[in-house]
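Reading through the structure tokens given below for one structure.
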There are 2 protein chains.
Amino acid sequence: MASPNTRAQILDAAEHLFAERGFRGASVRAITDLAGANLAAVAYHFGSKAELLAAVVRRVVEPINDAQRTRFDTLLARTPEPTVTELVEAFAGPLFDGMRAGDEGGARTSRLIMRILGDPAEEMRAWTGSDEDAVRERYLTAFRRALPDLSPEELWFRMRGILAVAAVDRVEVYNRQLPDCVSPAVGDDARRWAITFLTAAMSAPPTGT
Amino acid sequence: MASPNTRAQILDAAEHLFAERGFRGASVRAITDLAGANLAAVAYHFGSKAELLAAVVRRVVEPINDAQRTRFDTLLARTPEPTVTELVEAFAGPLFDGMRAGDEGGARTSRLIMRILGDPAEEMRAWTGSDEDAVRERYLTAFRRALPDLSPEELWFRMRGILAVAAVDRVEVYNRQLPDCVSPAVGDDARRWAITFLTAAMSAPPTGT
DNA sequence: GGAAGAATCAAACGAACGTTTGAATGAATC
DNA sequence: GATTCATTCAAACGTTCGTTTGATTCTTCC
């Protein structure tokens, strides 16, 4: 029984297990087992475990980056001076769109993004290209125009805050039961709450000296 | 040459390496080497690698939790109805106080907290006690009183946002150079920026239907 | 149907892993 | 000085790791 696309199944399994257990915690054997493939398939299709990780991360990051760029373009095509709300929506929105079905409500992608952000390991940092830098800088200058009173350092801090909220978004923070509030965020709720949360945060007046 | 306190040196080294490489990425050998101790010292002093992790996490989390509780008590001793700003300051402040000298500006503790929050592994979740739950719930009800219009679900989302910003706070999010803004946040800047950021975020009106 | 290339497979490689062991060392008590 | 207990040590345990190998299957095209 030959699978139609071993490569894609390995990518899926690796995305799952890298998010769940981290790069070093997810063994090649566990990945190929979950994918229903042979152990040697990773070396054959990707070269090494590190290159597999890079492929997984690229597959997650690229659509997000593309969406951020196109939404930035359509935004500036409409108005030369976008508001903070519009910029937050365009920048943060794609971070939530990437969380699709079969993703345990986005927790898996959230976890993967979190690992990407937090892991200083070489393998986790080998994926970025100049595209990510370019998009990020365009938003940065647009935000600076919309928030002229903010120092560059504080603005930078706030942009990282956006990524932080998106990353932790749907991860179970505590292992205990939720106090008495009900099910975790479903569907678009988390996304809309995040936009509200982040728009208010980005719009805050500069921190006084 | 007998070290005065092998146990503490192992805890320091483990905190460093667990933050830097994760639980599975930090080997017992690397930890004992960094601590200048023998390989078997971990088993002798802590029983196992997992119990060492629990001890490390406890040492980081407990002071934060204690500070959150005492600041909550002094706050309510002064006024029965604290403002959102006061609550954010009391809850988020201790998350930044834990980042001391020799911590690379807090990046190490940040990373460790991030791993604790994001890692679903059994070993990472074995530390929490009822103390953390109790403090968290007290803040939750206080926030609910200060923000009566917010649904419990959205309030819960926002409280996780506080943890998110604190966790990602000083982690280098991008691996490239900062665009043109200068050094990363130093000293109390990040803490004050975070309070500003989070107070505005928490005070945002409820997300419309 | 047979040659050719891509893909998959079982098996093995050395290295690194967490843990255990039993002897060697240190300091304190009698 | 001998005894005792806590601590440190080098060495080895079996397991799992990422990767490599060489043969085997599947697919494609002539």
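Naming convention: chains lettered A, B, ... in sequence-line order (proteins, then strands); numbering from 1 in each chain. Keep in mind that this is a model prediction, so the values were computed, not measured. The figures that follow rest on heavy atoms only: side chains count, while hydrogens, waters and symmetry mates do not.
- Relative orientation of the B:Phe23 and B:Phe18 rings is tilted, given thresholds of 30° and 60° on the angle between their planes.
- In this structure, B:Ser27 does not reach the C:dA16 phosphate: none of its side-chain N or O atoms is under 4.0 Å from OP1 or OP2.
- Taking only side-chain nitrogens and oxygens, B:Asn38 never comes nearer than 4.0 Å to OP1 or OP2 of D:dT7.
- Among the protein residues, A:Ala30 comes within range of no part of the nucleic acid, since none of its heavy atoms lies under 4.0 Å from any strand.
- The side-chain hydrogen bond (donor to acceptor under 3.5 Å, both in side chains) search around B:Thr207 returns A:Thr196, B:Glu154, not counting sequence neighbours.
- Per the geometry, CZ belonging to B:Arg7 stands 10 Å off P belonging to D:dT7, to the nearest Å.
- Counting only heavy atoms from C-beta on, A:Tyr44 has its side chain closest to C:dT8 among C:dT8, D:dT7, D:dC9.
- In this structure B:Glu89 satisfies the side-chain hydrogen bond (donor to acceptor under 3.5 Å, both in side chains) test together with B:Arg71, B:Arg191, sequence neighbours excluded.
- Rounded to a whole Å, the CG atom of B:Leu39 is 13 Å from the P atom of D:dA11.
- The nearest whole Å value for the distance from the CZ atom in A:Phe18 to the C1' atom in D:dG18 is 12 Å.
- Here the P atom of nucleotide D:dT19 and the CG atom of A:Leu53 are 12 Å apart, to the nearest Å.
- Across all strands, B:Ala41 comes closer than 4.0 Å to no nucleic acid atom at all (heavy-atom distances).
- Every side-chain hydrogen bond (donor to acceptor under 3.5 Å, both in side chains) that B:Ser48 has, sequence neighbours left out, goes to B:Glu51.
- Put simply, NZ on A:Lys49 is 8 Å from P on D:dT19, counting in whole angstrom units.
- Among residues two or more places apart in sequence or in another chain, the side-chain hydrogen bond (donor to acceptor under 3.5 Å, both in side chains) test is passed with B:Arg59 by B:Asp12, B:Glu15.
- Residue B:Thr6 has a polar side-chain atom (N or O) positioned under 4.0 Å from OP1 or OP2 of D:dT8.
- Between the CZ atom of B:Arg21 and the P atom of C:dG18 there is a distance of 11 Å, given to the nearest Å.
- The phosphate of C:dA6 (OP1 or OP2) has no side-chain N or O of A:His45 nearer than 4.0 angstrom.
- Using a 4.5 Å heavy-atom cutoff, the side chains of B:Glu86 and B:Arg78 are in contact.
- Taking atom CD1 of B:Ile31 as the reference point, atom C1' of C:dC17 lies 12 Å away to the nearest angstrom.
- Along DNA chain C, the nucleotide nearest B:Ala43 and the nucleotide nearest A:Ala40 are compared for position; the residue whose nucleotide lies closer to the 5' end is A:Ala40.
- Partners of A:Asp131 under the salt bridge (charged side-chain N to carboxylate O under 4.0 Å, His left out) rule, at least two apart in sequence or in another chain, do not exist in this structure.
- Helix bend of the helix from C:dG1-D:dC30 to C:dC30-D:dG1: the angle between its two end axes, each built from five pairs, comes to 0° after rounding to 10°.
- One interatomic measurement links the two molecules: CZ of A:Phe23 to C1' of D:dC17, which rounds to 12 Å at whole-angstrom precision.
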